[in-house]
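Take a look at the structure set out below.
Numbers restart at 1 for each chain; the letters A, B, ... are given by sequence-line order, proteins then strands.
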There are 2 protein chains.
Amino acid sequence: MAALAGVSVSAVSKVVNDRPGISPPTRQRVLDAAEKLRWSPSATAVALRGARTRAIGMVAGRSADVLAADPHFSVLISGIEAELAPADYGLLLHIVGEEPDAEERAYRRLAEERRVDGVILTESRIGDTRFELLRQLGLPAVLVGTPWQPDPIVSVRAGGDDLDQGAGLRAAVDHLVELGHRRIAYVSGPEDRVHTVARRRLFEAALDARGLRPTRIVISEFTADAAVRALRRLLAEPERRPTAVLFANDTMAVAGMSAARRLGFEVPRDLSVIGYDDLPVGSLVYPRLTTVSQDLVQLGRAAATAMFRLLGEAAGTAGEPGADGSGADGPGADGPPAVRPPTLVVRESTGPAAG
Amino acid sequence: MAALAGVSVSAVSKVVNDRPGISPPTRQRVLDAAEKLRWSPSATAVALRGARTRAIGMVAGRSADVLAADPHFSVLISGIEAELAPADYGLLLHIVGEEPDAEERAYRRLAEERRVDGVILTESRIGDTRFELLRQLGLPAVLVGTPWQPDPIVSVRAGGDDLDQGAGLRAAVDHLVELGHRRIAYVSGPEDRVHTVARRRLFEAALDARGLRPTRIVISEFTADAAVRALRRLLAEPERRPTAVLFANDTMAVAGMSAARRLGFEVPRDLSVIGYDDLPVGSLVYPRLTTVSQDLVQLGRAAATAMFRLLGEAAGTAGEPGADGSGADGPGADGPPAVRPPTLVVRESTGPAAG
DNA sequence: TTGAAAGCGCTAACAT
DNA sequence: ATGTTAGCGCTTTCAA
């Protein structure tokens, strides 16, 4: 456009980027022309020139249908987008299969092809190699969760500093103990994830603090079927039967409740059930699920904010270093991304211990 | 890279694009160099040059938390991604608020900034203005669903041609009638969506075919609360009380079942319930939800495939017109994207009519 | 078979 | 205050 509609190319550039050295009349003419032609700078050209793509990447190393069944991920994405959208950033999603190198390839492409300014990682794993990879690739990264070992990667998690991480689980155990429960079981997920292990440990610690030991810990998988199987085993032997069960997440807890009901146990009369995450499904079912709630949407927002901060610093070499305060310019660097610690939400799936 | 690691820039270009006019040795040298340097063409530069961004856009005109609560969308995305990923296409997501012009702005940006090669639309609406807008913008578009009025836009839906669209609902009604139900209610969603109206009509037609009339049709909203309220009204007057209820989607159906249970009605003993979509949540609950199943993942794949076809044609003006058959090149143009018609999946939430 | 060179739409020096 | 110009990393004629 530019030349055709008014003046010269650099004038246009200066106007759209709010650079000084433009007279009000010229400025206005450019704005008018842009308006009339419905023109706006080509993102590709800008990216080519300046290395800013205004897109953040996410790679999900799971199959499409597993992902579809797991709302956790989509809730997180909602949060991330909530922050990205106003800054006019896009989210570039890449769902790759379960094969380990598919994931690595995806990150490599993202980096080599310069498609995104940075990536957000989730599902922190034990022995995670992604941080190192991303560092090699020079791709700014933010982790949602806790690194498996001390690592300089930027990360966000509910409760911020680790001190508050266990608050929800402690409240859950206290709640059960006050209801008279003494035999409390925990159904964990696959322990190659950091958060899975952390939650289980936090649970054990909370129980320990009340002088109790877990009745059972069943390591299973993150699927509804696995939850059902775990519950079945838990309820099989009458003499060791728990009166309450905590699950590693809401989906498993809901599946567990159904299984209990199917086996003839009424919730919460015969068995109390507690989930983790506080997904919408928890209040859809009957009885409504008591759960440890963490603000996943907020967590997503925090991750995006942290990413903006990271990019702001990275771009600091040549960009606008000061506070021009004009807003509407994307990455702002204000307060630290704080996410409230997990809390217990008592609904209907917990009650006094049977007998 | 190129020059440094071997020969000349155009040689490299020819190699990576499988263009003729390269001797095997040269070719090999380029490949080796690229391998060693872990180099691959910059997506931005390619896009700038050739108008292909290898990204598809999607704009969701809903607030982040509404979206989070609705798995429908994420399942669809899984399907789309399943097709995009192997072709090395990315999905650029934009979640904008409910404000009407925010959505339009998002599409405009996508088009003006040339960030994507095309967009996939969902949630076909009555009086939808998006097709026209996209046409103006010159952005290739594929609709998941049926246009509200005859429109040249490319669209995909379960059952392909409209003839089979009602199969699931007919089966559902037949199933209920055979179980002895005569008073069958339908809880619809907001009728500004095409599919909402279509499903309700299909239901009425199916009922009509059996010589019955719907006991009640309650237009509500697509939320769990609304479903609960609707059900409450439905069960309020004993003399007109239905023995079976169909819901416009699974989430509402699950919420409805819980509400029934809370009101003292046992499902399916006192009330049969049928959902629509067949989302994972349906088999998580007790009793497991009988539902009209459509293959949402497949629908997503079909949309992506249709998009590739569209892009292939659009690019045909200057691109490779023939069948070079080398694969790995992205948009293939094979069979038509067929998605199986909706079918009834009978689980546990339906049973013989009470009394 | 290979290389040189002209842009794609922008931004940032450098003139004017 | 404004215009000119050299690339960013590629693809693609066109010459050699």
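- At whole-Å resolution of the value, CG in A:Leu37 and P in C:dG9 are 14 Å apart.
- Candidate nucleotides D:dC10, D:dT4, D:dT12 were compared by shortest atom distance to the side chain of B:Trp39, and D:dC10 ranks first.
- As rounded to whole Å, 13 Å separates atom P of D:dT2 from atom CD of A:Gln28.
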Evaluate the criterion side chain to side chain contact (heavy atoms under 4.5 Å, CB included) for residue pair B:Thr53 and B:Arg115; output intermediate values, then yes/no.
CA-CA 7 Å; B:Thr53 62; B:Arg115 272 175 168 290; 5.9 Å; no
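- The shortest distance between the side-chain N/O atoms of B:Arg19 and the OP1/OP2 oxygens of D:dT12 is below 4.0 Å.
- Between A:Lys14 atom NZ and D:dG3 atom P there is a gap of 9 Å when expressed in whole angstrom units.
- Of the candidates D:dT12, C:dT2, D:dG3, the closest approach to any side-chain atom of A:Ser10 belongs to D:dG3.
- For A:Thr26, counting side-chain heavy atoms from C-beta on, the closest listed nucleotide (D:dA1, C:dC8, C:dG3) is D:dA1.
- In this structure, A:Glu113 places its CD atom 10 Å from P of D:dC10, rounding to the nearest Å.
- For C:dT2, one of the phosphate oxygens OP1 or OP2 lies less than 4.0 angstrom from a side-chain nitrogen or oxygen of B:Ser23.
- The B:Ser42 side chain lies nearest to D:dG9 when the options are D:dT12, C:dT11, D:dG9.
- If you check D:dT12, C:dA12, C:dT2 against the side chain of B:Arg49, the one that comes closest is D:dT12.
- Listed for the A:Arg54 side chain is a donor-acceptor partner under 3.5 Å among the backbone atoms of A:Ala87.
- Distance B:Arg52 CZ to C:dC8 P: 19 Å, rounded to the nearest Å.
- A donor-acceptor pair under 3.5 Å is formed between the side chain of A:Ser124 and the backbone N or O of A:Thr146.
- Side-chain N or O atoms of A:Arg38 include none that pairs as donor or acceptor with a backbone N or O of A:Glu35 at under 3.5 Å.
- For B:Asn17, counting side-chain heavy atoms from C-beta on, the closest listed nucleotide (D:dT11, C:dC10, C:dC8) is D:dT11.
- Looking at A:Glu81, its side chain does come within 3.5 Å of a backbone N or O of B:Ile95 through a donor-acceptor pair.
- For the pair A:Arg115 CZ and D:dC8 C1', the computed distance is 18 Å after rounding to whole Å.
- Rounded to whole Å, atom P of C:dC10 lies 11 Å from atom CG of A:Leu48.
- The CZ atom of B:Arg114 sits 10 Å away from the P atom of C:dC10 (whole-angstrom rounding).
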